[in-house]
Amino acid sequence: MDTVVRIDGLIKKYDNKAVVDGLTLDIQEGEIFGLLGPNGAGKSTTMNMICSLLKPNAGKIELFGYDIKKDSRKVKPLIGYVPQDLAIYGNLKAWENVELFTALYGIKGEALKDEIDRALEFTGLSDKKNAFAKTFSGGMKRRLNIACALGHHPKLLIFDEPTVGIDPQSRNFILERIKDINKEGSTVIYTSHYMEEVEALCSRVAIMDNGKVIAVGTPDELKDLVRRDPSEDISLEQVFLTLTGKKLRDYTEG
Amino acid sequence: MSRLFILTKNYLKLITRSKMMLIIIVLGTIMVIAALSSSFKTLLSSAGKDETFDIGYYMSEDSRFVPLEKSITDSLASQGIRAEQYDTEDPDDLIKKGDVEVFIIFEKDSYRIIGDKQKQIDLRIVQFILYNVDRMQGGVASDESVNIKNGTLESYKMPEADEYYSIVQMVYFLSLGSVVLTQIYMTERKHNISMRFKTSSASGVQIYLGKYLSSVIVSWSLQVFLMTGLVTLLFDVHLGKPVESIGILMLASLAFCALGMLFFTIFGNVAVSIALMFVILWFCGLLGGTFETYMYSSYPEKLKELSPIYYVNRSLVELITMGESDYLLPTVAVMVLVMAISIPAGILITSRKREV
């Protein structure tokens, strides 16, 4: 398998405090890679740097063999970013939102129409394509948020907590769709605070704390790290709490 | 081109779906024009009733001006000056009591103009008329058929209150044309939509132009064409030379949309951008004649020429009153200058903000 994401010695500082502190990580093609960590661990900062939204103070990120700093024009069409915020226009219809964000990647004409239909179909919004996004429920908005990142067929999809604040049905739908996206050949990076989601979805997981990866492996490998008795039934949440501690993590950005 | 077209098209949809903003822009302009032109029209007409300029004169029997007496009084009357003959050579009492503003004593070979020092302009006007009459004394100035055309003061039509306020308020609201983008900038900030632009392969130029073109299209449609039509229909105001006037308005719209967008691109905060834009354009309007009492400017010309709004106001008002304006070229130059600064700066800042 080819390495899709290669992060080497990545550092990001705010006011001289390292939020990401010498992070080194590889993500392979075809993986659904989970990035876990308590609030302030540095996972969102890491994702933002992978998406070219933030500039690292030091270190290097390569996507598909391209340096994101030097080859950003080549890298950007390969990435689809689903932000935690509902980054959609309420006063545009569902298809208009998808059209606008898909067209940003240079897709036009009939191909654009096809991609709009495909993205809306994929996210179960075909019958609501002419409805304004502001009239959507939370779950529908989350799905539209995903549809807006799919139109250009990205090879790497980055989901930042895509299931926050939605009902179990919508959550289940989104998780199933992410699996389908992965089956179609896209590599996925996924963050969430819902451990059961990560356990069910991800082939490999990295747990971050204080800007560093403190453990990385398959869910089973991570469980083995903290399991004292081989017969002990242990959840990913227990692994997470054992590795990162139970102390509350209140933090402010920057 | 496709990216730019779809961006512009969807921004246009967002702008036109924000109905309240469009209503405020159109109705606001109409209401301000109606209120100002109506109040100043009333004010002017009531003040105009008492505005007479009376002068007195004494004509010596042996004065060489006797044959020209009727021509002189007619000439003065054509300038709104009522001339009355008196039998006194001592006008001090008449002037003190306010019966006359100026008194002329025609002596045998000359005349004296007497009046209050505070009314230098009135005195000069009378002197100018008499000078022209005097110049024609030799040869033609021998009977009543004398035409003292050369004594007529050159003056242009003053703009009516309707015309003046229609122009200056149209221009002022035009200068605020970029506010139609407020809703878009607010939504993008609130929902962090800019991150989608940053992660996309669209360039800063395309992202900037998408917003710019949509605001210009709305401004041209509503503030130039619709407003010109409404002003013609409701206030019976016709632009002096329609092609030139609409050309100036369209150019001003291009410049002011670019200037307004510069505030949005510099400051991420929409409220701060709007507040600063309003303050700066308010001062430009103040110097440019937007808020001044009808036709009475109290600012030095040099100061007024710092305001881009002044050039647009002046050229449009002159086109109405004179049918031509020496300010056309300076207006074009100033608007092009505003664009030449604002558009590259806006594109540069937009591009910088999306770079890592």
Side-chain angles (χ1 to χ4, degrees), chain A residues 12 44 47-56 61 68-70 72-93 95-109 111-112 116 132-134 141 145 148-149 151-152 154 156-158 160, chain B residues 1-23 179-215 218 268 270 350-356:
Chain A
K12 180 68 190 173
S44 288
M47 302 246 279
N48 286 340
M49 285 190 281
I50 294 172
C51 295
S52 303
L53 290 168
L54 272 179
K55 190 177 181 178
I61 301 173
I68 62 161
K69 211 168 162 184
K70 292 176 187 164
S72 69
R73 278 172 181 258
K74 289 177 183 167
V75 169
K76 282 183 173 178
L78 302 173
I79 308 174
Y81 180 51
V82 180
Q84 187 180 339
D85 295 298
L86 292 166
I88 50 178
Y89 293 101
N91 269 341
L92 287 184
K93 293 171 183 174
W95 75 269
E96 292 167 341
N97 269 293
V98 180
E99 181 194 41
L100 195 155
F101 295 120
T102 304
L104 292 179
Y105 293 89
I107 297 163
K108 55 190 173 184
L112 180 60
I116 295 166
F132 285 103
K134 65 183 175 188
K141 283 178 183 167
N145 205 30
C148 290
H152 62 291
L156 172 66
L157 263 154
I158 300 171
D160 192 359
Chain B
M1 279 305 284
S2 163
R3 263 183 271 221
L4 183 56
F5 173 74
I6 288 170
L7 269 171
T8 308
K9 183 182 81 171
N10 282 294
Y11 280 138
L12 268 174
K13 286 179 184 175
L14 285 167
I15 293 170
T16 51
R17 284 169 189 168
S18 179
K19 301 271 187 299
M20 193 49 76
M21 180 66 79
L22 303 182
I23 289 169
V179 295
V180 295
L181 293 170
T182 307
Q183 193 68 38
I184 292 175
Y185 278 107
M186 279 171 70
T187 306
E188 288 183 353
R189 187 173 165 80
K190 186 180 172 189
H191 298 293
N192 214 352
I193 290 174
S194 61
M195 73 170 69
R196 283 207 192 271
F197 293 114
K198 286 179 183 173
T199 55
S200 79
S201 48
S203 68
V205 177
Q206 290 164 332
I207 294 166
Y208 175 88
L209 288 180
K211 289 191 176 81
Y212 178 60
L213 292 179
S214 58
S215 66
V218 171
V270 177
T350 307
S351 301
R352 279 277 170 87
K353 280 187 175 177
R354 66 186 300 281
E355 277 175 13
V356 183

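In what follows, chains are A, B, ... by sequence order, proteins preceding strands, each numbered from 1.
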Inset, instruction - Indicate the atoms forming the closest heavy-atom contact of A:Y81 with B:T199, along with that distance. - result: CD2-CG2, 4.2 Å
Legend entry - Under 4.5 Å from any heavy atom of chain B - which part of A:L112: side chain
Inset, instruction - Could you tell me the separation between the CD1 atom of B:I193 and the CG atom of A:N97, rounded to the nearest 0.5 Å? - result: 7.5 Å
Legend entry - A:K93 NZ: over 12 foreign heavy atoms closer than 6.0 Å: yes
Inset, instruction - For chain B, find which of A:T102, A:D85, A:V75 contributes the most heavy-atom pairs closer than 4.5 angstrom. - result: A:D85
Inset, instruction - Measure A:K69 against the heavy atoms of chain B and call it side chain, backbone, both or neither at under 4.5 Å. - result: neither
Inset, instruction - Measure from the side-chain N and O atoms of B:R196 to the backbone N and O of A:A87, and report whether any donor-acceptor pair falls under 3.5 Å. - result: yes
Legend entry - Which portion of B:K9 sits near chain A, non-hydrogen atoms under 4.5 angstrom: side chain
Inset, instruction - Can you see which heavy atom on B:S2 is nearest to which on A:K108, and at what distance? - result: OG-CB, 3.0 Å
Inset, instruction - Give, for atom CG of A:L104 and atom NZ of B:K198, the distance between the pair rounded to the nearest 0.5 Å. - result: 14.0 Å
Inset, instruction - Check whether any side-chain heavy atom of A:L100 sits under 4.5 Å from a side-chain heavy atom of B:L7, and report yes or no. - result: yes
Legend entry - Shortest non-hydrogen contact between B:M195 and A:P83, atoms and distance: SD-CB, 3.1 Å
Inset, instruction - Let me know if B:T187 has heavy atoms under 4.5 Å from chain A in its side chain, its backbone, both or neither. - result: side chain
Legend entry - Whether B:F197 and A:F101 hold their rings parallel, tilted or perpendicular, with breakpoints at 30° and 60°: tilted
Inset, instruction - Can you measure from CZ (A:R73) to OG (B:S201) and round to the nearest 0.5 angstrom? - result: 9.0 Å
Legend entry - Pairwise distance OH(A:Y105) to CZ(B:R3) - rounded to 0.5 angstrom: 10.0 Å
Legend entry - Most chain A-contacting option - heavy-atom pairs closer than 4.5 Å, from B:H191, B:R17, B:K190: B:R17
